[in-house]
Amino acid sequence: MTKPSTVPADLSLPSIANLKADETMFGHFLDWLGKIAVNLVVAGIILVVTFWVAGWVAGAVRRALTRVHRTNPDPTLASFGSSLVRYAVVAVGLVAVLQQLGVQATSIIAVLGAASLAIGLALQGALSNVAAGVMILLFRPYRVGDVIETATRQGTVKSLDLLFTEIATPDNVKVMIPNSKVFGDVILNYSTHRNRRADVLFKVPLKTDLVAVLQKMRERAESDPRVRKDPAPMIEVTDLSEAYAQAAIRVWTAKEDFGPVKTDLMLAAHLWAEDPTRELPPPRKSKAPDPSPAMPGDKDHHLFRLKAPRRGRKSDPSSPRSPPKAG
């Protein structure tokens with residue numbers, strides 16, 4: 001007896017060859033699909049790790065810069081440096097992701113080189129913001145925490161990024177200003193100098209005793225603990241008409257007391273212009289951390305400022321400042 005054949009008698013050889021070819025192509029397709037899936041998973045892992053490393057490195061740079069400037073904290077440099085490092089790490093990670101997906105680095109460089117002109121024209125605003133951010137970091141027209149005024153906005157600087165400067169307006173509105181617009185225009189910094197001069201202009205009717213009002217205003221300014229004694233308050237008559245006399249009082253005060261002092265003098269001038277015999281409550285105390293009348297020079301906001309030598313606890317016996325040892 002013969003064994004039954006598993007191959008049909010009417011099956012031709014070309015049909016068997018086609019079946020084997022289809023199975024081979026399907027196997028290659030499955031292998032290619034598996035490689036693509038693996039590459040996509042690895043690329044996703046690289047992307048996640050890139051963002052994690054970017055955040056960690058940015059935090060490390062911020063902490064390192066904070067430790068370097070421990071005696072004189074510089075949040076502006078820390079914010080800018082951490083932002084720069086974060087973007088650099090993300091750029092390197094994106095290149096690694098493209099390489100994992102099969103795009104060669106030479107191809108990336110060739111594409112960027114060919115499209116450099118178009119990219120430069122399209123990103124000229126962003127590149128100018130980066131350049132302006134670097135210039136702001138070097139020359140320091142303002143720092144984080146300063147109260148500044150630009151051509152369009154006034155507020156407190158919250159952060160300095162590669163592209164934008166974030167400020168908070170007095171009514172607590174977040175404003176993002178491109179660095180090029182800030183650096184390319186006039187910048188008023190109200191926090192650089194420790195002292196400011198408050199100028200108050202007021203009018204006194206001719207029916208009121210002008211001399212008495214001026215004397216009252218001078219006594220008010222001289223008795224105010226928030227007003228600097230050097231330079232002394234200055235009061236003068238600036239204009240005279242048929243109906244009133246215009247006078248001005250100019251006093252120096254700490255920047256923290258500028259608004260309250262000016263308001264107090266304006267209110268006193270208004271009330272005494274009507275009745276010089278009116279009694280007013282005494283001025284309030286100073287809110288400045290250092291009410292000293294000394295007027296130091298400007299702060300050094302440059303990036304390459306030299307640090308003052310630190311004084312150790314141990315004193316040198318030969319130093320004239322060292323106290324004599326007890327015998």
Side-chain angles (χ1 to χ4, degrees), residues 51 54-66 68-69 72-91 119-199 253-263 266 287-289 298-305:
F51 283 104
W56 183 84
V57 173
V61 170
R62 182 185 295 271
R63 290 190 296 270
L65 292 176
T66 302
V68 169
H69 298 82
N72 186 19
D74 193 352
T76 306
L77 180 60
S79 174
F80 189 88
S82 62
S83 176
L84 180 62
V85 172
R86 182 185 296 109
Y87 286 128
V89 173
V90 169
I119 293 175
L121 293 176
L123 299 178
Q124 58 181 349
L127 295 178
S128 64
N129 289 332
V130 174
V134 174
M135 299 300 290
I136 292 173
L137 184 66
L138 291 176
F139 294 101
R140 302 299 178 88
Y142 56 85
R143 304 175 66 180
V144 172
D146 288 353
V147 179
I148 66 171
E149 180 180 353
T150 63
T152 57
R153 292 292 185 271
Q154 178 181 355
T156 304
V157 179
K158 293 299 182 180
S159 66
L160 172 62
D161 207 337
L162 275 177
L163 302 177
F164 298 96
T165 294
E166 178 187 344
I167 68 172
T169 59
D171 54 346
N172 202 26
V173 176
K174 178 180 177 181
V175 180
M176 304 295 292
I177 307 177
N179 291 333
S180 59
K181 290 186 176 295
V182 179
F183 190 73
D185 211 326
V186 177
I187 304 173
L188 301 180
N189 193 330
Y190 296 103
S191 301
T192 301
H193 301 290
R194 194 173 66 174
N195 296 332
R196 293 184 61 187
R197 192 181 75 174
D199 297 344
T253 181
K255 61 184 179 182
E256 294 83 3
D257 296 326
F258 175 80
V261 168
K262 188 171 184 178
T263 302
M266 292 175 62
K287 295 182 179 180
D298 300 345
K299 295 179 181 178
D300 194 354
H301 286 239
H302 200 271
L303 175 64
F304 305 106
R305 182 181 67 85

Is there a side-chain contact between I136 and P141 in this structure, where contact means two heavy atoms from C-beta onward sitting under 4.5 Å apart?
yes
Just do the side-chain contact (heavy atoms from CB on, under 4.5 Å) check on L160 and Y142 with the steps written out, would you?
CA-CA 10 Å; L160 172 62; Y142 56 85; 4.2 Å; yes
One should read off an interatomic distance between L137 CG and L84 CG, to the nearest 0.5 angstrom, of 9.5 Å
At their closest point, which heavy atom of A198 faces which heavy atom of K262, and how far apart are they?
CB-CB, 4.3 Å
Hey, is the main chain of V147 close enough, under 3.5 Å, to the side chain of S191 for a donor-acceptor pair?
yes
Of all heavy-atom pairs between A132 and F183, which one has the smallest distance, and what is that distance?
CB-CB, 4.0 Å
N172 versus A168, closest heavy-atom pair with distance:
OD1-CB, 4.4 Å
Yes or no on side-chain contact (heavy atoms from CB on, under 4.5 Å) for V186 and T150, after CA distance, side-chain angles and deciding distance?
CA-CA 6 Å; V186 177; T150 63; over 6 Å; no
Return the CZ to CZ distance between R86 and R62, rounded to the nearest 0.5 Å.
7.0 Å
Minimum heavy-atom separation for A58 to S82, with atom names?
O-CB, 3.3 Å
Could you tell me the separation between the CZ atom of R143 and the CD1 atom of I148, rounded to the nearest 0.5 Å?
13.5 Å
Would you please test D146 and N189 for side-chain contact (heavy atoms from CB on, under 4.5 Å) and show each step?
CA-CA 7 Å; D146 288 353; N189 193 330; 3.2 Å; yes
So, the side chain of N179 versus the backbone of D161: is there a donor-acceptor pair under 3.5 Å, distance only?
yes
Are there over 12 heavy-atom neighbours, none belonging to R196, within less than 6.0 Å of that residue's CZ?
yes
Pair K255, Y190 - check side-chain contact (heavy atoms from CB on, under 4.5 Å), show working.
CA-CA 8 Å; K255 61 184 179 182; Y190 296 103; over 6 Å; no
For P170 and G155, which heavy atoms make the closest approach, and how far apart are they?
CD-CA, 4.4 Å
Within this structure, what is the OG1-CG distance for the pair T253 and N195, rounded to the nearest 0.5 Å?
7.5 Å
Provide the closest heavy-atom pair for R153 versus V175 in the form atom of the first, atom of the second, distance.
CG-CG1, 3.9 Å
Which distance, rounded to the nearest 0.5 Å, do you find between the OG1 of T152 and the CD1 of I177?
5.0 Å
About how many Å separate CD1 of I167 and NZ of K174, when rounded to the nearest 0.5 Å?
12.0 Å
